[in-house]
Amino acid sequence: MKKTTLSGLLIFILALFTIAGCGENNDEETQPTQPTTATLKIMSQGTSTQIGGIDVSVVLPAGVTVKATPDSTNPAVQVTNSGVVAASGESAGANTNTIATYSAATTSAPGTVMVQVANANGFGTGEFVTINCDIAAGNNPKATDFTVTLVKAVDINGASIAGLTTGYTADIQ
């Protein structure tokens with residue numbers, strides 16, 4: 001009888017350990033994945049006038065940067081690397097020129113990207129540029145942490161466009 005009770009007790013204890021080991025590990029679900037990139041798609045809206053050129057300023061949240069190198073003519077200016085800022089959507093095409101400069105964050109100012117998109121043939125409202133950003137470890141920006149400001153927009157004749165606004169989407173991964 002003691003032998004049966006002892007072996008029964010051992011089986012019971014092993015079953016308890018097995019059941020306890022089958023529980024879900026929620027550590028992965030509760031800890032957010034560290035984002036490493038953010039892709040901004042900037043768009044225009046509010047007019048049917050063909051856009052010949054548009055300048056926008058993008059303020060980056062803390063810990064967000066873009067890859068850039070010093071300009072060969074003026075090393076104080078950081079020009080974004082190839083593929084960081086690209087014409088997209090409505091402005092994508094052979095006749096579109098895109099120029100972007102980057103100012104890294106300082107203790108008194110956030111990082112900014114200045115973008116100029118021009119096309120002599122013009123382009124319609126909608127998405128017009130994509131910016132690929134990097135996120136430093138320990139930072140978790142939200143889509144609403146970016147700020148896009150329209151600096152200037154002109155039509156294909158160089159006249160200012162009234163009523164144009166900008167917006168953006170941010171895909172953070």
Going hydrophobic residue to hydrophobic residue with side-chain gaps under 4.5 angstrom, can you get from Y168 over to Y102? yes
With rounding to the nearest 0.5 angstrom, report the [atom1] to [atom2] distance, [X] to [Y].
{"X": "I51", "Y": "I54", "atom1": "CD1", "atom2": "CD1", "answer": "5.0 Å"}
{"X": "T166", "Y": "D55", "atom1": "OG1", "atom2": "CG", "answer": "11.5 Å"}
{"X": "T101", "Y": "Q116", "atom1": "OG1", "atom2": "CD", "answer": "7.5 Å"}
{"X": "T149", "Y": "M114", "atom1": "OG1", "atom2": "CE", "answer": "9.0 Å"}

Measuring only between side-chain heavy atoms, which start at C-beta, is [X] closer than 4.5 Å to [Y]?
{"X": "L164", "Y": "T125", "answer": "yes"}
{"X": "N132", "Y": "T130", "answer": "yes"}
{"X": "Q78", "Y": "D71", "answer": "no"}

If I compare all heavy atoms of [X] with all of [Y], which pair ends up nearest, and what's the gap?
{"X": "P35", "Y": "N139", "value": "CG-O, 3.7 Å"}
{"X": "P70", "Y": "P75", "value": "CB-O, 3.5 Å"}
{"X": "I135", "Y": "I172", "value": "CD1-CG2, 3.8 Å"}
{"X": "S160", "Y": "K152", "value": "OG-CE, 4.3 Å"}
{"X": "S91", "Y": "N119", "value": "O-ND2, 4.4 Å"}
{"X": "A38", "Y": "F146", "value": "CB-CZ, 3.9 Å"}

For side chain to side chain contact (heavy atoms under 4.5 Å, CB included), just list the numbers for L60 and T65, CA-CA rounded to whole Å, side-chain angles, deciding distance to a tenth of an Å, and then say yes or no. CA-CA 7 Å; L60 305 174; T65 61; 5.5 Å; no
Can you tell which of D145, T112, V148 makes a side chain to side chain contact (heavy atoms under 4.5 Å, CB included) with V59?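 That would be T112.
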Got a donor-acceptor contact below 3.5 angstrom from the [X] side chain to the [Y] backbone?
{"X": "E90", "Y": "V129", "answer": "no"}
{"X": "N81", "Y": "V84", "answer": "no"}
{"X": "N74", "Y": "A76", "answer": "yes"}

Decide yes or no on side chain to side chain contact (heavy atoms under 4.5 Å, CB included) for D171 and L40, but give the supporting numbers first. CA-CA 7 Å; D171 181 22; L40 296 177; over 6 Å; no
What do the steps show when you test Q173 against T37 for side chain to side chain donor-acceptor pair (under 3.5 Å), and what is the final call? CA-CA 5 Å; Q173 298 186 358; T37 63; 4.9 Å; no
For a side chain to side chain contact (heavy atoms under 4.5 Å, CB included) check, start with the C-alpha distance between F128 and V56, then their side-chain angles and the critical distance, and finish with the verdict. CA-CA 11 Å; F128 64 90; V56 294; 3.9 Å; yes
For A100, check side chain to side chain contact (heavy atoms under 4.5 Å, CB included) against everything at least two apart and list the hits.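 Per chain and number, A100 pairs via side chain to side chain contact (heavy atoms under 4.5 Å, CB included) with T80, V85, V113, V115.
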Test log, rule side chain to side chain contact (heavy atoms under 4.5 Å, CB included), inputs I131 and V58: CA-CA 10 Å; I131 303 174; V58 180; 3.8 Å; yes
Under 3.5 Å donor-acceptor pairs involving side-chain atoms of residues 42-49, not counting sequence neighbours:
{"from": "S44", "atom 1": "OG", "to": "G126", "atom 2": "N", "distance (Å)": "3.4"}
{"from": "T47", "atom 1": "OG1", "to": "T49", "atom 2": "N", "distance (Å)": "3.2"}
{"from": "T47", "atom 1": "OG1", "to": "T49", "atom 2": "OG1", "distance (Å)": "3.2"}

Test side chain to side chain donor-acceptor pair (under 3.5 Å) applied to K41 and T169, step by step: CA-CA 5 Å; K41 300 227 177 239; T169 62; over 6 Å; no
